[in-house]
S.K.: 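Sharing a structure below in structure tokens format, with a few things to ask.
Throughout, a chain's letter reflects where its sequence line sits, starting with A, and its residues are numbered from 1.
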There are 2 protein chains.
Amino acid sequence: MTSAVRRSDATRAAILAAARERFASDGYERATIRAIAADARIDPSMVMRYYGNKEKLFAAAAEFDLQLPDAAGIPRDELGAALARHFLHRWESDETLTALLRAAATNEAAAERMRELFGAQLLPLATAACPDPADAPRRAGLVASQMLGLALCRFVLRLPPVVAMTADEAAAWVGPTIQRYLTSATSS
Amino acid sequence: MTSAVRRSDATRAAILAAARERFASDGYERATIRAIAADARIDPSMVMRYYGNKEKLFAAAAEFDLQLPDAAGIPRDELGAALARHFLHRWESDETLTALLRAAATNEAAAERMRELFGAQLLPLATAACPDPADAPRRAGLVASQMLGLALCRFVLRLPPVVAMTADEAAAWVGPTIQRYLTSATSS
DNA sequence: CTGTCATGCCAACACTTGTTGGCAAAACCG
DNA sequence: CGGTTTTGCCAACAAGTGTTGGCATGACAG
């Protein structure tokens, strides 16, 4: 009966949703199993039964797909702006990324997950987009620094001027930066 | 006897140094008073006597001066590169900034401190450097997003390609970005 | 209906946390 | 020297943590 719909699937989903919310707003250590369980209106022990322990719960809650567009489908000189817009949109529509970012600051497993996400999703796109595949990692790292920095200031630190910008304004400013990191002639 | 050198000043300093180290490597919640006290080779209760409570200890440990150069002393078109280099150097020579960044991800007081730092130190420089003072906050916010993002990837998440770069390489890449955020014609 | 398994809650565990009060020794001042 | 203040440690507290095992209730197959 592995593929059947169990009655507990709703509970599992409620736990996962509550976990994402707590991890996103409180980070890994301050998000307690008890608080998550209370949000999902079940007993804390259920969380343990369905997810084993807190670490595994986080791993399940931090599962994430950036859904990056295919580099081939976008004109080379619009890639920066398109990526910037996509990132911001993705960030605003799914709190998983904020959860991951907040947790990654203090939790090594979350940081490792962030590095995996970088290597598995952003790096391939950079490799396809940049002139010399040999320095794709560095270029992807720079793109990450700008996009994660923007998310940090906007969703975590909440710097007023960064929060005040619309997503389109922010993308318009940051787009050329991403573009340069991806496709410019090598600096230095 | 307020201005005299007390015998306990060495202990106070040891506590503060240990606190900065722990906050920098563990973040606010995982850095325990007990661990800090152990590092400083004293009893946990001493931390309380000298700093009141954990919050105040963090406030004392997170005191920080960016020591930004005067915008007037630097040619306008070299400001971006100079700032990038300065930031990276400052970051590497004092772990207080890493402590502040790690803690700010999950601790509201630390985030507030980060915003103060932004408003009191980076904003004035941007106001002096950018063409129209009216959009200085936005420009300063963008600068912060890039510099904090770089620090996040390099010192907290430890993305391999970002760690592998030398400080000068990183500054060479990021410099033009900062420059554009500060002095370019308004985007969008 | 009967037996079986899934679902949920309760109570408790071992442990860690920040924090407090009291007590000994050392340092200092007259 | 005597008296006071400073510096430090010890033991303990109350609260909160992740985690566990047992017991009820419901659903469901035969």
Side-chain angles (χ1 to χ4, degrees), chain A residues 1-23 25-62 99 102-103 106-110, chain B residues 1-62 99 102-103 105-110:
Chain A
M1 234 175 254
T2 45
S3 66
V5 177
R6 283 163 302 191
R7 194 164 47 92
S8 62
D9 284 355
T11 307
R12 282 187 144 83
I15 294 175
L16 215 55
R20 267 193 265 264
E21 225 169 294
R22 286 284 176 177
F23 283 132
S25 65
D26 295 346
Y28 184 80
E29 13 274 335
R30 288 190 38 219
T32 70
I33 300 270
R34 282 173 162 87
I36 292 168
D39 288 357
R41 294 176 204 281
I42 45 98
D43 189 87
S45 63
M46 300 298 295
V47 179
M48 309 303 296
R49 182 176 299 171
Y50 288 142
Y51 291 95
N53 58 31
K54 189 178 180 181
E55 248 183 60
K56 289 182 195 160
L57 171 63
F58 177 80
R102 265 229 169 79
T106 51
N107 183 271
E108 177 52 27
Chain B
M1 228 172 264
T2 45
S3 66
V5 177
R6 281 163 304 191
R7 194 162 47 92
S8 61
D9 284 356
T11 307
R12 282 185 144 85
I15 294 174
L16 215 56
R20 267 193 263 263
E21 224 168 297
R22 284 285 175 177
F23 282 132
S25 65
D26 296 346
Y28 184 81
E29 13 273 336
R30 287 189 38 218
T32 70
I33 299 271
R34 283 172 161 88
I36 292 168
D39 288 357
R41 295 175 204 282
I42 44 99
D43 189 88
S45 62
M46 300 298 296
V47 179
M48 307 305 294
R49 182 176 296 170
Y50 288 142
Y51 290 95
N53 58 32
K54 189 179 181 180
E55 249 184 59
K56 290 182 195 162
L57 171 63
F58 177 79
R102 267 230 168 77
T106 51
N107 183 272
E108 176 52 26

S.K.: Within this structure, what is the CZ-to-P distance between A:R41 and C:dC9, rounded to whole angstrom?
M.R.: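 Distance check: A:R41 CZ to C:dC9 P gives 12 Å.
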
S.K.: Where the side chain of B:N53 is concerned, which of D:dT17, C:dT7, C:dT19 is the nearest nucleotide?
M.R.: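 The closest nucleotide is C:dT19.
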
S.K.: Indicate whether any N or O donor in one side chain lies under 3.5 Å from an N or O acceptor in the other, for A:T106 and A:E29.
M.R.: yes

S.K.: Of all the nucleotides listed (C:dG8, C:dT20, D:dG18), which has the minimum atom distance to the side chain of A:Y50?
M.R.: C:dG8

S.K.: Among D:dG18, C:dC9, D:dT7, which is the nearest nucleotide to the side chain of A:I33?
M.R.: D:dG18

S.K.: Any sub-3.5 Å donor-acceptor pair from B:S8's side-chain atoms to B:T11's backbone N or O?
M.R.: no

S.K.: How many Å lie between CG on B:D9 and C1' on C:dA27, as a whole number?
M.R.: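 Value for this atom pair: 15 Å.
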
S.K.: Look only at the side chain of A:K54 and the backbone of A:Y28, and say whether a donor-acceptor pair between them is shorter than 3.5 Å.
M.R.: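 Checking the backbone N and O of A:Y28 against the side chain of A:K54, a donor-acceptor pair under 3.5 Å is found.
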
S.K.: Of the candidate nucleotides C:dT17, C:dC9, D:dC10, which contains the atom at the shortest distance from the side chain of B:D43?
M.R.: D:dC10

S.K.: Specify the residue among B:S8 and B:S45 whose closest nucleotide of DNA chain D lies further upstream toward the 5′ end.
M.R.: B:S8

S.K.: Taking only the side-chain heavy atoms of A:R49 (C-beta and beyond), determine which of D:dG8, C:dT19, C:dT7 contains the nearest atom.
M.R.: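 Taking heavy atoms from C-beta onward, the closest nucleotide is C:dT7.
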
S.K.: Is it the case that the base of D:dG16 and the side chain of A:R34 share a donor-acceptor contact (distance under 3.5 Å, atom types as modelled)?
M.R.: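 Answer is no: no donor-acceptor pair is held.
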
S.K.: Can you measure A:N107 atom CG to D:dT17 atom C1' for me and round it to whole angstrom units?
M.R.: 16 Å

S.K.: If you assign B:G52 and A:M46 each to the DNA chain C nucleotide with the nearest heavy atom, which residue ends up on the more 5' nucleotide?
M.R.: A:M46

S.K.: Tell me the interatomic distance from A:I15, atom CD1, to C:dT7, atom P, rounded to whole angstroms.
M.R.: 11 Å

S.K.: Less than 4.5 Å apart, side chain to side chain, heavy atoms only: is that true for B:I15 and B:D39?
M.R.: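 B:I15 does not reach B:D39 side chain to side chain.
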
S.K.: Nearest whole angstrom, please: distance from the C1' of D:dG16 to the CD of B:E29.
M.R.: 14 Å

S.K.: When you measure from the side chain of B:Y51 to the backbone of B:F58, do you find a donor-acceptor pair of N or O atoms at a distance under 3.5 Å?
M.R.: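 Checked: no pair found.
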
S.K.: Whole-Å distance between D:dG18 C1' and A:R22 CZ?
M.R.: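 So the two atoms are 16 Å apart, to the nearest Å.
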
S.K.: To the nearest Å, how far apart are A:I36 CD1 and D:dG18 C1'?
M.R.: 12 Å

S.K.: Nearest whole angstrom, please: distance from the C1' of C:dT19 to the CD of B:E55.
M.R.: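 To the nearest whole Å, that distance equals 14 Å.
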
